[in-house]
Each structure stands twice: as structure tokens, then as C-alpha cells.
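Please read the structure below before turning to the comments.
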Amino acid sequence: MTTVLCTHRLTMGDVDAVQVYAPNYFRWMEQSTQELLEALGHPLMEIIRRGFGTPAVKAVCEYFSPVGLGDVLEWTTGISRAGTSSFDVSHEFRCGGRDVARGLMTHVWTDVSSGQRPVPVPDWLRAAVMAAVPALPGSVPGVLLSTCSECGRVAYPAEEECLACGAIPVASQSGADAKLVTWTTVHQPPPGFTAPYVLGWAELADAPVPVLGRLTAADAQIKALRAGMPLRVTTASGPPGLLLLEVSA
Ligand SMILES: [Zn+2]
């Protein structure tokens, strides 16, 4: 797993009157991304010299806890996804053992000479992703979506290229909240599943895409299923990758 660990003691230039000046996190993400490319054996200067660019098309940061002057910020940076011509770099910021912020930047691999036209990400970068994504224990909330920045199409499963207009969408994780639309009991299971089980169709609260998954609920709750009831959608790690719809009531 190739990640880089960076540390930085906060100085007067980094803080406002109270705490870290929020946009600074993006500078640090940019800095550690450059360190990461260096660690992967492909310094940014070499990438540029070879005629490629890595412009950012999305940058987000969530802030969990304030940090201030004199604090030592520590963060880990790794490539968390590679699509056809875009890739995500994830950043986990900590301070004194606390998680203080989490950032993600999506970059596009481009051919500079053709006016920054997106081109396939190189194999070494794709390989770095494979190694950098550890098997998650249990399951993660939500599903991986893609949103097209050109036409606005939201897709699940996430698309590497927008099926409507061909632009490169950006990936994001949805929230877990959903509502049950309809359901059915499966008696003839595919390999790897034990029948009977209940397959549900749900609507995510924060994205206009339907998702299909196995309902996890006690027998009594299964008997009391009704359209519109709240669910939590989680993606189970590893195969077979069927979503879990947990009855939350
Ligand atoms: Zn589109």
C-alpha cells in the first residue's frame, strides 16, 4: 500500500484569529499528492515533462475538529480510486491522535499538447490504487455514485464515463439513508446465497437513483415491511457485493 505521511507544525501564516484557515487544507492536499507521486517513482516534474497534466476537477474537505497555532498536523495521502482517465486522492488529517479533517481531490490525467484532453491513467497509477485500498471490515454506509459535471447525470453503479454525454464524471459516496420502495422474497438463490431471502428496492435520500439489495431484518420486521419505511443502505466489503438494506425501525 503506497501512501505518504506528512507532518506540519502550524505557524502564523496557517491560522486565522481562531484556528486553521480552512482553505489551507487544500494546499496541504496538493503538497502531499506531489509527495505521493514522488514516492510512486513518478515525480510531478517528470509527468509534466512527458506532456501530461493532472488538473483537479473536484476538491472537498470535511472538518471534524479545530486545530490551532503550534499544533502539529499529520496526514496520510493515498490514491483511493482510478477510473478511465480520472483518479481520486484521499487525505486523512490527524492532530494529537484525533481525526481532524478528511479531504478528497479528483484529478484528470490529460494530454497537455491536445488542450488538456483526458487520456487513460497510466498503469503504475492504477496499480497504486489496487494496493492502496485495503479490504474494509464489515460494510461501509452508502453506495459509490458518479455525477457528471457536464450534464448532471447521477449514476449508480458509478460510471467512468458519462453514458449520456461522454464527459468524465466525479465519484462520491452517497449517504446511508433510504426508503423502501418494494420487495420480493427470493426462493431460487444464485450461487453463494442461502434462500429464502428478501430482495428490496430502495430510494436513496440524497441521490435520485434506485438501489437493489438484500434486506437485513428480523423475521417480525420482514412481516411488517411497508413501502416508504426507512432503511440504511450499506455496501458489504468483498464479493458478492450485494448491497445490504438494513431495516432501521
Ligand atoms: Zn454527462
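Residue indices begin at 1 and follow the sequence shown. Both counts, for ligands and for their atoms, begin at 1 and track the order of listing.
- A salt bridge does not link D111 to R50: none of the charged nitrogens lies less than 4.0 Å from a carboxylate oxygen.
- Around the Zn ion (ligand 1), the protein N, O or S atoms closer than 2.8 Å are C148 SG, C151 SG, C162 SG, C165 SG, listed by chain and residue number.
- With sequence neighbours left out, the salt bridge (charged side-chain N to carboxylate O under 4.0 Å, His left out) criterion links E92 to R102.
- The existence of a salt bridge linking E74 and R94 is confirmed by a sub-4.0 Å separation between a basic side-chain nitrogen and an acidic carboxylate oxygen.
- No side-chain donor-acceptor contact under 3.5 Å links S86 and W109.
- The one candidate from K58, H107, R81 that meets the side chain to side chain contact (heavy atoms under 4.5 Å, CB included) condition with D88 is R81.
- Ring centers of F93 and Y63: at least 6.0 Å apart, outside the cut-off.
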